[in-house]
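Report on the structure given below.
All figures in this text were calculated on a predicted structure; none of them were measured in a lab. Values reported hereafter were calculated over all heavy atoms of this structure, with side chains retained and with hydrogens, waters and symmetry mates removed.
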Amino acid sequence: MLWLPITLLLVLSSKGNLAGFLDKSIGAESYFDVMALPSVKSNTSNLGNNNVDLKVSNGEIKTQRYTPDWTSLDSRPLPSWYDDAKFGIFIHWGVFSVPAYGSEWFWWYWKGAKKPEFEEFMQRNYAPGFTYADFAPKFTAEFYDPHEWAEIFKNSGAKYVVLTSKHHEGYTLWPSRYSWNWNAMDVGPKRDLVGDLAEAIRNSTDLKFGLYHSLFEWFHPLYQQDEQNNFTTQDFVKLKTIPELYEIVNKYEPSIVWSDGDQGAKDVYWNATDFIAWLYNDSPVKDDVVVNDRWGTDVACHHGGFYTCDDRFNPGKLLPHKWENCLTIDKNSWGYRRNARLSDFLSTHELIKELASTVSCGGNMLLNVGPTHDGIIAPIFEERLRQMGDWLKVNGEAIYSTQPWTHQNDTLTPDVWYTSSKDGKTVYAIFLVWPKWDILNLGAPEVSSRTHISIVGYDGDIDVSKTKASSEEKAFKFLLFI
């Protein structure tokens with residue numbers, strides 16, 4: 001039997017019934033500007049002083065010209081749809097899905113790092129002289145049904161999708177004018193994979209469509225030349241990277257531009273701030289688009305619409321800036337792996353735990369799947385996504401359009417994560433482990449007789465009693481009879 005986390009709902013009748021409720025009398029302007037409840041014994045992960053500036057727009061971006069510098073670009077409010085969404089799907093797909101061995105970094109491990117494991121794999125399975133380019137015709141996508149993908153993503157409960165338009169191998173999933181004979185129209189599936197998915201997502205779902213794009217390419221001669229010149233030349237950027245970025249924005253109008261692969265070069269080399277200024281000022285998505293923080297060395301975790309900092313980033317505490325936790329169902333790879341074992345995949349319970357802790361701390365979760373070379377989302381990925389959707393159908397009100405509470409996790413019981421409605425009248429306690437003897441002890445909430453307590457998705461009765469564990473510790477005991 002699969003046991004999934006349950007959400008406890010606490011509804012307030014007036015201000016002050018729960019510790020840390022957003023009180024305008026103290027000058028709180030955003031949901032991070034709250035008073036933290038002091039606790040002698042606390043394992044909460046809230047900041048000592050929650051006076052944090054999170055700029056989130058109410059859906060309307062004021063007309064303003066942004067200049068190509070981080071001070072100006074970082075002043076742009078984050079479009080509210082992104083903070084409300086909380087959960088998205090990442091898709092890593094490309095020529096690397098053909099060997100489907102090791103990871104999506106297959107080409108680099110084989111020919112760049114020259115790892116013995118990958119060299120031996122090629123010697124055992126392919127003829128002498130076989131090149132990475134020879135994999136491209138085998139990237140067929142014959143079973144690729146973008147409408148089926150869209151249906152799976154919609155039923156996962158996700159609110160946005162990010163597709164790898166181009167990974168570090170340089171192969172583009174759209175017919176790019178700047179990637180001759182190394183794109184999905186010229187070699188392989190002979191179709192516009194990006195355009196087909198964008199159309200399916202927009203026509204059959206309400207999800208936002210975004211695109212990942214790698215700034216660099218492992219073996220592109222122009223990039224290698226710029227690297228040898230210590231990035232004092234920009235031939236690769238001017239002739240390849242920037243033209244591609246303008247091309248995908250103008251052609252597909254993504255709501256997210258998810259940049260990656262700065263590879264040790266500064267943002268000045270990549271002309272990052274010039275491009276983002278155009279994106280915010282004059283692009284066809286200027287009012288809706290969000291960007292991440294991977295635009296050059298020293299930019300990650302410091303600049304951008306939302307921070308990713310690193311892969312699988314989950315700080316476990318409230319941060320002063322909107323952030324995203326991008327992670328994979330397959331713990332060892334972003335791309336599809338034929339040699340994956342069952343133990344390599346995160347369970348649904350582990351994924352929900354990651355989502356709860358991420359949202360509680362103010363982040364979004366971007367969950368990755370790696371389709372096969374012929375365009376199939378493997379059954380184990382599909383199962384995980386549909387089970388996430390089943391959980392969110394019941395518990396989604398504790399995730400979508402919520403905000404962090406003063407406490408992120410409970411002061412007394414582990415594996416309990418809190419979120420709050422934006423009006424501050426409802427606090428959600430997501431408990432990940434069923435309590436022993438059906439008794440849930442919570443130390444963070446302060447509950448009065450006017451507080452209504454229920455379990456999300458359950459109409460049965462809950463007995464509540466207030467206990468005082470010690471002179472230094474407050475706790476509430478919830479007797480759950482289900």
Side-chain angles (χ1 to χ4, degrees), residues 5-37 44-47 49-62 77-87 157 159 206 306 318-323 355-365 392-411 416-431 442 444-459 462 464 476 478:
I6 292 176
T7 303
L8 194 68
L9 182 149
L10 302 92
V11 181
L12 310 182
S13 60
S14 62
K15 289 185 179 181
N17 291 339
L18 275 171
F21 176 70
L22 181 61
D23 190 345
K24 291 295 181 180
S25 67
I26 62 173
E29 297 297 334
S30 75
Y31 65 67
F32 283 102
D33 292 323
V34 293
M35 296 293 288
L37 173 68
T44 58
S45 52
N46 47 309
L47 299 176
N49 182 345
N50 285 342
N51 294 317
V52 178
D53 182 20
L54 177 70
K55 296 179 283 293
V56 179
S57 78
N58 61 2
E60 297 182 0
I61 303 295
K62 295 180 180 179
L78 185 73
S80 59
W81 74 260
Y82 179 80
D83 183 54
D84 290 341
K86 307 301 185 189
F87 179 41
K159 298 299 182 182
D206 59 355
F306 62 91
L318 192 63
L319 294 186
H321 192 90
K322 185 65 187 181
W323 59 280
L355 177 64
S357 63
T358 296
V359 173
S360 177
C361 296
N364 280 18
M365 188 173 91
L392 284 164
K393 285 174 185 175
V394 176
N395 298 277
E397 66 176 274
I399 299 296
Y400 307 124
S401 300
T402 58
Q403 62 187 20
W405 191 43
T406 38
H407 292 265
Q408 279 62 69
N409 51 6
D410 194 61
T411 58
V416 176
W417 293 90
Y418 292 102
T419 62
S420 170
S421 61
K422 287 193 174 180
D423 62 8
K425 294 181 179 179
T426 303
V427 171
Y428 300 94
I430 304 171
F431 53 103
L442 297 181
E446 287 190 346
V447 182
S448 75
S449 59
R450 292 174 294 177
T451 303
H452 173 71
I453 300 173
S454 62
I455 293 179
V456 174
Y458 175 69
D459 295 328
I462 301 176
V464 181
F476 286 89
F478 298 87

| task | For Asp410 and Tyr418, run side-chain hydrogen bond (donor to acceptor under 3.5 Å, both in side chains): C-alpha distance rounded to whole Å, both residues' side-chain angles, the deciding distance at 0.1 Å, then the answer. | result | CA-CA 8 Å; Asp410 194 61; Tyr418 292 102; 2.5 Å; yes

| said: Looking at Asp84 and Lys159, is there a salt bridge between them, counting it only when a charged N and a carboxylate O are closer than 4.0 Å? | reply: no

Using side-chain heavy atoms (C-beta onward) and a distance below 4.5 Å, is [X] in contact with [Y]?
| X | Y | value |
| --- | --- | --- |
| Asn395 | Ile430 | no |
| Asn364 | Lys322 | yes |
| Leu392 | Tyr400 | yes |

Between [X] and [Y], which heavy-atom pair has the shortest distance, and what is it?
| X | Y | answer |
| --- | --- | --- |
| Gly424 | Ser420 | CA-OG, 3.9 Å |
| His407 | Ala444 | CG-CB, 3.8 Å |
| Thr426 | Asp423 | N-OD1, 4.2 Å |
| Val456 | Glu397 | CG1-OE2, 3.9 Å |

Rounded to the nearest 0.5 Å, what separation is found between the [atom1] atom of [X] and the [atom2] atom of [Y]?
| X | Y | atom1 | atom2 | result |
| --- | --- | --- | --- | --- |
| Asn409 | Cys361 | CG | SG | 7.0 Å |
| Trp81 | Asp206 | CH2 | CG | 12.0 Å |
| Ser421 | Tyr428 | OG | OH | 5.5 Å |

| field | side chain to side chain contact (heavy atoms under 4.5 Å, CB included) against Thr358, all qualifying residues, sequence neighbours excluded | value | Asn314, Trp323, Asn325, Glu354, Met365

| query | So, does Ser360 use its side chain to make a donor-acceptor pair with the main chain of Gln408 at under 3.5 Å? | reply | yes

